[in-house]
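Hydrogens, waters and symmetry mates play no part in the numbers below; they use all other heavy atoms, side chains included. Letters A, B, ... are given to chains in the order of the sequence lines, protein chains preceding strands, and every chain is numbered from 1.
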Amino acid sequence: MAVSRTPMDERYDPKKIEPYWQAEWERSGLYLTGDDRSRAKFYLLEMFPYPSGNGLSVGHLHNYVPSDVVGRFKRMNGYNVLHAMGWDAFGLPAENEALLKGLHPKQTVPQYAANFKRQLKLTGCAYDWTREINSSDPAYYRWTQWFFLLMYRRGLAYRAVGSQWWCDECRTILANEQVVNGCCWRHPETLVTKKDLEQWYFKITAYADRLLDDLAIVDWPEPIKLMQRNWIGRSEGAEIAFDVVGHPGKTVRFFTTRPDTVFGVSFMVLAPEHPLVPEITTAEQRAAINEYVAQARRQSEIERLSTVKEKTGVFTGAFARNPFTGKDIPIWIADYVLMGYGTGAIMAAPGEDQRDFEFATKYGLEIPRVTAPLDGSAPDPGRAFTEHGITVNSGFLNGLKTADAIQAVARWVDEHNIGRSTVTYRMRDWLISRQRYWGAPIPIVYCKGDCGIVPVPDEQLPVLLPDMKDYQPSGTGRSPLANVPEFVNTACPKCGGPAERETDTLDGFACSSWYFLRFASPHYDRAPFERAAVDYWLPVDLYIGGAEHAVMHLLYARMWTKVMFDAGLIGFKEPFMVLRNQGMVWAADGQKMSKSRGNVVTPDAMVEKYGADALRLWELFMGPFEEPTNWNEDGVTGTARYLTRVWAMVRRYVQAGCPQGSPDAETLRRVHKTIRTVTDHLDRQRFNTALAALMDLLNYAARLEPAVLGRFAIESYVVMLAPMAPHIGEELWRALGHDRSVHLESWPKYDPELARDELVTIVVQINGKVRDRLHVGAGTAEDEVRGMALKSPAVVRHLDGKPPRKIIYVPDKLLSIVA
RNA sequence: GCCGGGGUGGUGAAAUGGUAGACACAGAGGACUUAAAAUCCUCUGGACCUAACGGUCCGUGCGGGUUCGACUCCCGCCCCCGGCACCA
């Protein structure tokens with residue numbers, strides 16, 4: 001029953017109808033997911049939010065409201081829609097709050113999540129809340145741990161030493177974001193250092209090629225695909241080893257994309273951390289080398305890789321023999337070579353590489369030229385010639401084109417057993433260890449006997465995160481869990497003898513790498529998901545979220561999906577078939593909305609002032625969905641005013657007794673055209689122009705007598721408005737005499753015949769300038785239009801007696817005369 | 001530095017080779033009202049001509065080009081936003 005029975009209230013009052021319908025929808029279970037698997041499905045998903053204590057702002061709604069419109073629109077178009085919400089609850093902010101304020105995440109997370117949920121309901125967003133999930137719930141992270149073990153069993157999880165930032169004052173590991181100007185964020189006078197720790201990694205590099213290739217099968221924004229390609233950074237080349245002079249058996253292995261320039265190699269450069277450095281450095285160079293290595297290790301990666309900085313390096317005193325030229329070349333170290341890429345060593349061909357050129361110039365090293373430009377000119381002596389060309393000064397390579405020379409060198413090094421063709425990736429393996437409390441414990445046990453590293457058996461999962469009163473760090477670099485003996489000390493699952501648990505927890509990205517599968521069967525307790533449910537619902541049909549997750553989250557989730565595919569757990573290779581990025585909403589001052597800046601606008605305040613529907617419409621109307629924009633509250637007055645006008649139009653119709661009506665041709669045409677436009681624009685996420693089309697129709701229809709407008713027009717209008725403004729849509733629908741929710745209605749269909757224009761305006765241009773407009777019947781023949789145009793007084797005047805040299809006719813649109 | 005996105009009225013924007021500024025906000029004038037709010041109506045890119053009807057020119061960051069025709073395509077430049085950062 002409508003809140004206001006007929007006759008409708010004169011005034012539109014969102015405060016009266018919005019809470020009523022929200023309660024009613026919840027009572028009737030309107031948004032529960034249908035379980036009829038013979039129907040076409042649509043899985044709609046927004047990126048898993050972290051439930052922050054600050055709650056949602058109107059900026060966040062620029063993601064959730066358009067998504068909600070899509071869900072409602074798809075439902076009206078006959079799809080069985082899955083649209084659920086959950087919480088990416090593990091992570092640093094909750095742990096920091098626990099440390100600083102003594103608030104336990106186990107209390108704050110549910111509290112903050114409940115607030116998000118309240119705000120989403122307040123704004124009329126329709127989710128199936130029976131499917132709500134929380135990544136910090138043992139019933140969830142049990143399966144995150146299970147996936148870790150799957151990775152481990154498949155040889156994709158391994159331990160290796162990695163260095164982390166360390167603050168002596170906090171006696172703990174710091175994340176990159178906690179290092180400010182080389183100092184600890186909480187102790188600005190304390191310089192951070194690097195600490196080496198043995199940690200867990202996932203072998204994502206094993207999937208590099210498939211992550212690259214399968215971008216072809218998804219419909220994602222091109223810029224996001226490009227960023228992933230650049231991040232993976234596949235490059236083909238060769239790995240070659242040169243002998244170190246005077247150190248029998250020692251070689252410098254390096255990777256190069258330009259093996260063809262090997263005759264032009266005049267020195268080599270190692271990363272300062274390269275293991276060979278201490279072995280080959282000569283006594284007289286040792287002091288200088290040690291000092292350089294120490295300062296390189298102090299630098300952050302950003303500083304070290306800065307392009308504005310002049311290149312620096314130090315000679316080790318050692319030489320390598322270039323087997324192609326037979327010459328001995330000096331081995332240097334420099335911080336522009338990274339241990340994490342390739343082999344941590346390069347051959348320097350300064351004639352063909354600009355960085356090597358700058359380095360050679362600075363230190364007075366030889367700059368041979370081994371590639372000549374194809375056009376026969378000489379290379380610019382002031383810089384390296386980095387393009388492909390003809391190989392010169394290079395023995396058996398002379399005269400070969402670059403591509404052929406690359407092949408020839410690859411064959412040569414293979415035959416002489418000093419190298420091979422290979423591929424290197426910029427992407428590194430994924431470090432998943434966190435020395436933190438608030439995460440899923442890594443399910444591994446270290447046996448004190450002979451069993452070594454032992455995975456926790458599936459039936460012993462979850463490894464529960466213990467309750468702690470004090471999450472101070474351990475002081476040793478291990479997580480606070482190391483302070484809990486009941487957690488650490490356990491029995492070896494293999495031999496039953498004494499053992500210790502792994503105290504590192506899993507990176508939060510692990511939780512968000514499979515959550516989209518959990519929504520299909522959120523309460524299933526025998527596996528992470530029920531196969532049949534996943535086969536029906538997955539993959540995700542539309543994934544909506546910010547472009548800031550372009551690489552990490554989206555790559556990790558894709559990798560997990562491929563691992564599951566390989567393990568036979570699922571039947572698809574890509575998790576998100578269509579991806580769209582909503583534009584960022586900045587505060588009115590153009591800055592990020594944040595509590596500290598005091599520029600946050602909450603949905604609560606906007607709903608109180610204008611109502612949820614008016615706020616929703618402004619979120620849709622303020623600009624294109626994918627473009628960033630600044631928040632501007634003034635626009636909400638416009639959408640609120642629009643809703644009062646819709647209310648008035650429907651009320652007039654209801655008061656006239658809801659006549660079937662007999663609309664004239666113009667009215668019919670406008671109604672059918674509007675249905676066509678709104679349908680098309682909602683399909684393409686063009687919410688702003690879809691709403692503009694509805695506003696346009698209102699401006700026309702509001703003047704008409706109810707009997708002219710008629711039932712089809714009014715009802716179609718209310719149904720089309722309902723996904724965008726669900727509360728007023730429902731209220732008006734009931735006022736029109738319907739017992740069933742508008743949100744269960746079918747989307748209106750337009751008749752292409754009725755939508756067609758009968759009269760068209762043909763623009764007449766002379767030399768590109770508009771000189772007249774002709775109103776003629778649609779489909780008028782060119783000859784007739786020509787005749788009319790050439791008789792038009794304006795055309796005659798502008799032609800000024802000159803004969804037309806050429807006439808171009810675009811049917812029903814334009815006649816262009818060239819004089 | 002490289003990669004990506006963008007620059008249109010006072011403001012948010014629309015138009016993806018065919019009437020630039022749809023739809024709104026703000027503003028001005030008017031109606032209703034004792035008054036105000038709300039609501040409704042009219043005008044609203046700039047310059048100029050006209051008593052008026054109407055008309056002319058300019059105008060989508062800047063400079064070129066392609067085309068009968070360019071916000072849209074091409075070349076060069078400037079500015080803003082985002083991402084990545086010496087990747088061998």
Report summary line: B/C62 -> Watson-Crick or G-U wobble partner, both distances under 3.5 Å, gives B/G76
Requested in this report: Have a look at B/G9 and give me syn or anti from its glycosidic angle (syn if within 90° of zero).
Outcome: syn
Query - Worked verdict on A/R383 versus A/E358 for salt bridge (charged side-chain N to carboxylate O under 4.0 Å, His left out) - result: CA-CA 8 Å; A/R383 49 176 300 116; A/E358 287 169 27; over 6 Å; no
Query raised in the report: With both distances under 3.5 angstrom, what nucleotide forms a Watson-Crick or G-U wobble pair with B/G69?
Result: none
Report task. Using the P atoms only, state how far B/G9 lies from B/U60, rounded to an integer number of Å. Result -> 9 Å
Report summary line: Any strand, both distances under 3.5 Å, Watson-Crick or G-U wobble: B/A47 pairs with B/U56
Report task. In whole angstrom, give me the gap between the C1' atoms of B/C87 and B/G7. Result -> 33 Å
**Report entry** Nearest-Å distance for atom pair CG/P, residues A/N767 and B/A70
**Finding:** 12 Å
Requested in this report: Report the distance from atom CE of A/M552 to atom P of B/G83, rounded to the nearest whole Å.
Outcome: 12 Å
Requested in this report: Look at all strands and tell whether A/H681 reaches a base, only sugar-phosphate, or nothing, counting heavy atoms closer than 4.0 Å.
Outcome: nothing
Query raised in the report: Heavy atoms under 4.0 Å, any strand shown: does A/L226 hit a base, just sugar-phosphate, or nothing?
Result: sugar-phosphate
Query - Any A/R11 side-chain nitrogen or oxygen under 4.0 Å from OP1 or OP2 of B/U39 - result: no
Query raised in the report: Looking at A/R669 and A/E666, does any basic side-chain N land under 4.0 Å from a carboxylate oxygen?
Result: yes
Report summary line: Re B/U42: Watson-Crick or G-U wobble partner, both distances kept under 3.5 Å, found to be B/A28
Query raised in the report: Which value, in whole Å, describes the distance between the P atoms of nucleotides B/A85 and B/U67?
Result: 45 Å
Query raised in the report: Quick one: A/E633 CD to B/A26 P, roughly how many Å, whole number?
Result: 11 Å
Query - Short side-chain N/O contact to B/U39 OP1/OP2 from A/R641, under 4.0 Å - result: yes
Requested in this report: Taking atom P in both B/C23 and B/C77, compute the distance separating them and give it to the nearest angstrom.
Outcome: 40 Å
Report task. Provide the distance between the two C1' atoms, one in B/A70 and one in B/G17, to the nearest whole Å. Result -> 7 Å
Query raised in the report: How far does the P atom of B/G55 sit from the matching atom of B/U44, given to the nearest Å?
Result: 15 Å
Query raised in the report: For B/G18, does OP1 or OP2 lie under 4.0 Å from any side-chain N or O of A/K813?
Result: no
**Report entry** Base partner of B/G4, which must satisfy Watson-Crick or wobble distances under 3.5 Å
**Finding:** B/C81
**Report entry** Pair partner, B/C23 [Watson-Crick or wobble, under 3.5 Å]
**Finding:** B/G12
Requested in this report: Determine, for A/E782 against A/R786, whether the closest basic-nitrogen to carboxylate-oxygen distance falls under 4.0 angstrom.
Outcome: yes
**Report entry** Pairwise C1' distance for B/G27 and B/U11, with rounding to whole Å
**Finding:** 11 Å
Query raised in the report: Closer than 4.0 Å, any side-chain N/O of A/T629 to the OP1 or OP2 of B/A13?
Result: yes
Query raised in the report: So does A/H798 get a side-chain nitrogen or oxygen closer than 4.0 Å to the phosphate oxygens (OP1/OP2) of B/G55?
Result: no
Requested in this report: Determine, stepwise, if the pair A/Y336 / A/D356 fulfils side chain to side chain donor-acceptor pair (under 3.5 Å).
Outcome: CA-CA 10 Å; A/Y336 77 92; A/D356 298 343; 2.9 Å; yes
Query raised in the report: Is the phosphate of B/A85, meaning OP1 or OP2, less than 4.0 Å from a side-chain N or O of A/R426?
Result: yes
Query raised in the report: Applying a 3.5 Å limit to both distances, which nucleotide forms a Watson-Crick or G-U wobble pair with B/A35?
Result: none
Query raised in the report: Do we get A/K311 above A/F359's six-membered ring, with its NZ or CZ under 6.0 Å from the centre and within 45° of the axis?
Result: no
**Report entry** B/C23 phosphate, OP1 or OP2, under 4.0 Å from A/R645 side-chain N/O
**Finding:** no
